[in-house]
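Counting convention: from 1, in listed order, for ligands and their atoms alike.
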Amino acid sequence: MATRGLFITFEGMDGSGKTTQMHRLAARLRGLGRTVLETAEPGGTPIGMKIRRILLDAANQELSPTTEVLLYFASRSQNVDEWIASALDRGEIVLADRFTDSSLVYQGCGRDLGVDTIVALERIACRGLKPGLTLLVDIDAETSLARARARNLAQPHCETRMDDQSIEFHRKVYEAYHALAAREPERVKLVDGRADVDAIERQVWSIVSAYV
Ligand code: TYD
């Protein structure tokens with residue numbers, strides 16, 4: 001898919017602070033006069049938000065790994081078709097809080113569905129659309145689970161099905177993110193998620209400013 005705009009994704013473990021960083025980057029870019037679409041997965045579009053509820057509802061314990069990956073890609077293809085592709089065609093900057101890399105590490109590796117399954121689904125759902133730049137906000141699996149559980153205790157809600165996975169699952173995800181960053185160093189840039197929010201914002205900007 002040929003695009004005129006710039007597609008930047010934020011990736012990282014739950015509780016890495018990537019959402020805050022994405023909002024800060026969006027504000028900075030808008031301050032420079034750029035048009036920015038912010039989106040998130042699973043979710044983004046209204047239909048995607050309905051799919052998100054199924055995926056994250058802690059009551060849905062029977063959801064099979066195959067159903068899970070198809071639903072993440074269903075949300076994604078709706079996001080690409082309804083929002084992302086047209087924004088990029090208009091030359092805008094699109095910031096996404098998670099995209100296909102999340103499926104690669106959580107479902108491909110965490111659920112052991114394998115890279116080939118993710119690549120095949122990506123071809124259908126994203127029609128070749130890949131991020132030009134991915135910021136991987138890096139925290140370890142233990143910090144991630146501790147932050148996610150503290151957040152869920154402070155604000156009780158039912159969207160905890162993924163946070164409720166075992167520490168072994170989250171460690172696999174962590175390893176998979178690092179393997180991805182090692183495989184694609186040109187696209188995937190590591191940012192230290194243990195630094196304070198202002199320091200992380202500076203790291204993000206030092207990377208992104210070369211692209212805009
Ligand atoms: P969310 O509450 O949005 O968490 P976060 O703020 O950490 O992004 O929940 C999204 C969850 O879904 C998160 O645990 C990661 C998981 N996920 C996948 O397993 N596969 C995917 O393709 C995507 C987009 C997310």
Side-chain angles (χ1 to χ4, degrees), residues 7 9-24 38-45 47-58 60 63-80 83-84 94-115 117-122 124-126 129-131 134-141 143-177 180 191 193 197 200:
F7 185 27
T9 58
F10 282 75
E11 292 285 348
M13 311 284 291
D14 304 85
S16 60
K18 63 189 165 36
T19 308
T20 304
Q21 293 302 326
M22 187 179 87
H23 294 327
R24 286 188 175 207
E38 285 180 84
T39 187
E41 294 195 355
T45 66
I47 290 169
M49 288 306 288
K50 292 185 181 171
I51 299 170
R52 175 187 172 90
R53 256 170 250 137
I54 301 172
L55 277 165
L56 301 186
D57 188 341
N60 289 340
L63 203 70
S64 79
T66 304
T67 310
E68 180 180 288
V69 75
L70 290 172
L71 287 174
Y72 277 113
F73 272 103
S75 169
R76 184 164 303 130
S77 64
Q78 187 64 33
N79 205 354
V80 169
W83 284 0
I84 298 177
V94 176
L95 304 182
D97 187 349
R98 300 191 179 281
F99 200 63
T100 304
D101 294 324
S102 283
S103 297
L104 184 70
V105 299
Y106 284 84
Q107 282 70 49
C109 298
R111 299 283 190 228
D112 289 320
L113 289 176
V115 176
T117 301
I118 306 303
V119 170
L121 291 172
E122 178 187 34
I124 299 167
C126 308
L129 178 64
K130 287 184 192 295
T134 296
L135 296 152
L136 174 51
V137 184
D138 186 33
I139 57 167
D140 59 61
T143 309
S144 162
L145 261 193
R147 286 188 189 174
R149 289 190 175 149
R151 185 178 60 186
N152 296 341
L153 275 179
Q155 299 166 317
H157 61 107
C158 64
E159 287 196 341
T160 61
R161 198 180 61 86
M162 297 303 287
D163 302 338
D164 295 342
Q165 303 301 312
S166 66
I167 184 72
E168 288 71 29
F169 176 85
H170 290 279
R171 284 201 189 110
K172 268 160 100 175
V173 170
Y174 174 82
E175 295 299 330
Y177 266 135
L180 173 69
V191 170
V197 274
I200 301 176

Check each N or O atom of ligand 1 against all protein N or O atoms and list the pairs under 3.5 Å, with atom names and distances to 0.1 Å, one per line.
unit_1: ligand 1; atom_1: 2 (O); unit_2: Arg52; atom_2: NH2; d: 3.1
unit_1: ligand 1; atom_1: 3 (O); unit_2: Arg52; atom_2: NH1; d: 3.1
unit_1: ligand 1; atom_1: 3 (O); unit_2: Arg52; atom_2: NH2; d: 3.4
unit_1: ligand 1; atom_1: 7 (O); unit_2: Asp14; atom_2: OD2; d: 3.1
unit_1: ligand 1; atom_1: 7 (O); unit_2: Arg98; atom_2: NH2; d: 3.1
unit_1: ligand 1; atom_1: 8 (O); unit_2: Lys18; atom_2: NZ; d: 2.7
unit_1: ligand 1; atom_1: 8 (O); unit_2: Arg98; atom_2: NE; d: 2.7
unit_1: ligand 1; atom_1: 8 (O); unit_2: Arg98; atom_2: NH2; d: 3.4
unit_1: ligand 1; atom_1: 12 (O); unit_2: Tyr72; atom_2: OH; d: 2.9
unit_1: ligand 1; atom_1: 14 (O); unit_2: Asp14; atom_2: OD1; d: 3.4
unit_1: ligand 1; atom_1: 14 (O); unit_2: Asp14; atom_2: OD2; d: 2.7
unit_1: ligand 1; atom_1: 17 (N); unit_2: Tyr72; atom_2: OH; d: 3.3
unit_1: ligand 1; atom_1: 19 (O); unit_2: Tyr72; atom_2: OH; d: 3.4
unit_1: ligand 1; atom_1: 19 (O); unit_2: Gln107; atom_2: NE2; d: 2.9
unit_1: ligand 1; atom_1: 20 (N); unit_2: Gln107; atom_2: OE1; d: 2.8
unit_1: ligand 1; atom_1: 22 (O); unit_2: Arg76; atom_2: NH2; d: 3.0
unit_1: ligand 1; atom_1: 22 (O); unit_2: Ser103; atom_2: N; d: 3.2
unit_1: ligand 1; atom_1: 22 (O); unit_2: Ser103; atom_2: OG; d: 2.6

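Paired with Arg161 under the rule side-chain contact (heavy atoms from CB on, under 4.5 Å), one option of Asp57, Ile54, Asn60 passes, and it is Asn60. Among Arg111, Lys172, His170, the single residue meeting the side chain to side chain donor-acceptor pair (under 3.5 Å) criterion with Gln165 is Arg111. Among the candidates Gln78, Arg76, Arg98, the single residue satisfying the side chain to side chain donor-acceptor pair (under 3.5 Å) test with Glu41 is Arg76.
Taking the six-membered ring wherever Trp is involved, the centroid distance between the rings of Tyr106 and Tyr72 does not fall below 6.0 Å.
No hydrogens or angles considered: nothing links the side chains of Thr160 and Asn152 as a donor-acceptor pair under 3.5 Å.
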Worked check of salt bridge (charged side-chain N to carboxylate O under 4.0 Å, His left out) between Asp163 and Arg149: CA-CA 7 Å; Asp163 302 338; Arg149 289 190 175 149; over 6 Å; no

